[in-house]
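Quick notes on the structure that follows.
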Amino acid sequence: MAEVLVLVEATRDFTVKKVTLELLTLARQIGSPAAVVFGASGAAAAMSEKLGEYGAEKIYTGEGDEIDGHLVSPKATALASLVTRVQPAAVLLPSTQEGKEIAGRLAVKLDNGLLTDVVELTADGVATQPAFAGQVIVKSKVSRGIPLATVRPNSIAPTPAAATPQVEALEVSLGAADTLAKVVDRVVEQKGSRPELTEASVVVSGGRGVGSGDNFKLVEELADLLGGAVGASRAAVDSGFYPHQFQVGQTGKTVSPQLYIALGISGAIQHRAGMQTSKTIVAVNKDAEAPIFELADYGVVGDLFKVVPQAAEEIRKR
Ligand code: FAD
């Protein structure tokens, strides 16, 4: 069976991100999954067990400062030469900031078509892609090359399938242009006890209705009681209530948790685009006509400043 290359995304301390497990699950439906690890020395060794648990038959690894000490260019170059050498059935990358950047460069280097923001991909290369904030579903196929796709996080349920991966170190030959942009420092954006927004199984989001940055403490409190992440609508972000990295929606992050709680969010299509695949949606809004109620599994028409403290009180009792 031909290999399907999966670009691994992980944290700096080598925790494999959920999106990678989703990509490996999808890869198994197309061919033989082969994980591609780029990172600091020791990355593949630290992650091989987890990657094997989700079916990686092979791990290709490019490690060390040559790859890790620069921006995406060396990774795109190394991946392009690997694709040329192994002729995989498909290449899957996460539809994340770095994944998208590498995918675009890879498509140009290989002169290959690119399928972006895919939520499904069949073995014969037909991709399903939401367009216009999820209002239209498009089926497409590349007309040149192999399926090279960025896959939207949280669109595939990750399922384990044990394999014992063979590890192969890549010999990477980089051009001068690959190493022009060098990493000089790394700053952890936010370190806290909350799970990462796109990985969390519970997300509590606040909108303009929350009213101020200070009031977001209420959103945070409910999220913490449920062990969840905090999200925000664009209106809340644009009003300066919460940082942009927490924005959910078309121009923010896409989440698909087990439980999504929308507080003071009207439910504009651009917001829905980032959360409508959540398994259970709960909305609190004082306007009974708010469009979020068309989508919600459970809705409370009421003032969030009364409803949320009551809900928090109930949760604390249990
Ligand atoms: P509003 O629409 O103002 O809704 C606030 C809600 O709070 C109202 O329904 C109100 O009834 C309710 N409310 C007020 N007070 C209370 C209270 N005390 N208790 C309970 N409810 C209360 N938006 C995103 O979210 N994410 C995106 O990524 C995004 N991308 C966009 C991209 C483009 C190109 C464009 C044009 C727009 C984008 N938007 C995005 C903006 C989007 O169209 C909406 O403007 C935005 O989602 C509205 O945010 P909101 O629901 O918080 O605010």
Side-chain angles (χ1 to χ4, degrees), residues 19 94-97 99-100 116-117 119 129-136 138 150 152-155 189-190 196-200 202-223 225-226 228-257 259-278 281-315:
V19 66
S95 198
T96 55
Q97 202 171 335
K100 286 192 268 195
T116 56
D117 229 7
V119 293
Q129 298 160 288
F132 299 113
Q135 300 301 294
V136 178
V138 179
T150 64
R152 192 186 266 205
N154 295 314
S155 44
E189 258 187 355
Q190 183 238 7
E196 197 183 313
L197 185 54
T198 55
E199 307 258 306
V202 176
V203 174
V204 184
S205 285
R208 203 195 315 259
V210 173
S212 73
D214 259 6
N215 291 346
F216 250 80
K217 287 196 189 99
L218 205 61
V219 182
E220 292 180 333
E221 193 189 344
L222 186 57
L225 280 169
L226 296 168
V230 174
S233 73
R234 176 155 161 186
V237 169
D238 287 352
S239 308
F241 301 169
Y242 223 63
H244 177 259
Q245 76 206 65
F246 299 100
Q247 184 179 313
V248 172
Q250 188 185 331
T251 43
K253 303 229 162 96
T254 304
V255 299
S256 190
L259 174 63
Y260 187 87
I261 303 181
L263 305 173
I265 292 178
S266 60
I269 55 162
Q270 295 90 352
H271 186 77
R272 292 178 185 209
M275 47 64 76
Q276 63 196 354
T277 56
S278 303
I281 298 170
V282 176
V284 181
N285 196 304
K286 64 181 183 184
D287 174 9
E289 303 296 317
I292 191 78
F293 288 127
E294 293 162 12
L295 195 67
D297 299 287
Y298 299 94
V300 182
V301 179
D303 183 345
L304 71 93
F305 298 104
K306 289 188 183 143
V307 176
V308 176
Q310 284 174 28
E313 194 53 45
E314 276 305 312
I315 296 165

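Start at 1 and go down the list; that is how both ligands and their atoms are numbered. Side chains are part of it too, since the values below use all heavy atoms of this structure and drop only hydrogens, waters and symmetry mates.
Judged purely by atom type and a 3.5 angstrom limit, Asn154 has no side-chain atom pairing as donor or acceptor with the backbone of Val255. Formation of a donor-acceptor pair under 3.5 Å by the Asp117 side chain with backbone atoms of Thr150 is not found in this model. A distance-only check finds no donor-acceptor pair linking the side chain of Lys253 to the backbone of Phe246 [under 3.5 Å].
Proximity to Asp303 (heavy-atom distance under 4.0 Å) selects the following atoms of ligand 1: 17 (C), 18 (N), 19 (N). Of all atoms in ligand 1, numbered sequentially from 1 with element shown, those under 4.0 Å from a heavy atom of Gly302 are 19 (N), 20 (C). Atoms of ligand 1 lying under 4.0 Å from any heavy atom of Ala268, numbered from 1 in the order shown and given with element: 42 (C), 43 (O), 44 (C), 47 (O). Residue-ligand proximity, Ala235 to ligand 1, at heavy-atom distances under 4.0 Å covers atoms 48 (C), 49 (O), 50 (P), 52 (O), 53 (O). With ligand atoms numbered from 1 in the order given, ligand 1 contributes 28 (O) to contacts under 4.0 Å with heavy atoms of Gly252. Counting atoms of ligand 1 from 1 in the listed order, those under 4.0 Å from a heavy atom of Gly207 are 52 (O). Each of the atoms 26 (N), 27 (C), 28 (O) of ligand 1 lies under 4.0 Å from some heavy atom of Gly249. Applying the 4.0 Å criterion to heavy atoms of Gln250 picks out, from ligand 1, the atoms 27 (C), 28 (O).
Using a 4.0 Å threshold on non-hydrogen atoms, atom 45 (O) of ligand 1 does not count as touching the protein.
Taking only nitrogen or oxygen atoms, main chain and side chain alike, Val248 reaches within less than 3.5 Å of ligand 1. Every N/O-N/O distance between Phe305 and ligand 1 stays at or above 3.5 Å. At a 3.5 angstrom cut-off on N or O pairs, Ala236 does not count as close to ligand 1.
The nearest pair of heavy atoms linking Ile281 to Gln276 is CD1-O, 4.2 Å. Gly267 and Pro291 get closest at one heavy-atom pair: O-CB, 3.9 Å. Scanning all heavy atoms of the two residues, the minimum distance from Leu304 to Gly209 falls at CD2-O, 3.7 Å.
Counting protein heavy atoms only, atom 21 (N) of ligand 1 is closest to Lys286 N, 3.1 Å. When only non-hydrogen protein atoms are considered, atom 9 (O) of ligand 1 lies nearest to Asn285 ND2, 2.8 Å. In terms of protein heavy-atom proximity, atom 2 (O) of ligand 1 is nearest to Ser266 OG, 2.7 Å. Protein heavy atom closest to atom 30 (N) of ligand 1, with residue, atom name and distance, is Thr251 OG1, 2.6 Å. In terms of protein heavy-atom proximity, atom 43 (O) of ligand 1 is nearest to Gln270 OE1, 2.8 Å. Here the protein heavy atom with the shortest distance to atom 6 (C) of ligand 1 is Gly264 O, 3.3 Å. Atom 31 (C) of ligand 1 has its closest protein heavy atom at Arg234 NH1, 3.1 Å. Here the heavy atom of the protein found nearest to atom 19 (N) of ligand 1 is Leu304 N, 2.9 Å.
In this structure, Ala273 does not count as a contact residue of ligand 1, since none of its heavy atoms falls inside 4.0 Å of the ligand.
Remark: among candidates His271, Lys253, Gln247, Arg208, the nearest residue to atom 53 (O) of ligand 1 is Arg208, based on non-hydrogen atoms.
Note that the OH atom of Tyr260 and the CG atom of Leu295 stand 10.0 Å from one another [nearest 0.5 Å]. The OG1 atom of Thr198 sits 12.5 Å away from atom CZ of Arg152, with the distance rounded to the nearest 0.5 Å. In this structure, CZ on Phe305 lies 4.0 Å from CG on Asn215, to the nearest 0.5 angstrom.
Here the rule is side chain to side chain contact (heavy atoms under 4.5 Å, CB included) with Ile261, and of Val282, Val203, Val219 only Val282 fits it.
The side-chain heavy atoms of Lys100 and Thr116, taken from C-beta on, include no pair separated by under 4.5 Å. Contact of the Arg272 side chain with the Gln250 side chain is not registered, since no non-hydrogen atoms from C-beta on lie closer than 4.5 Å. Residues Thr277 and Ser155 form no side-chain contact, since every pair of their non-hydrogen atoms from C-beta on lies 4.5 Å or further apart.
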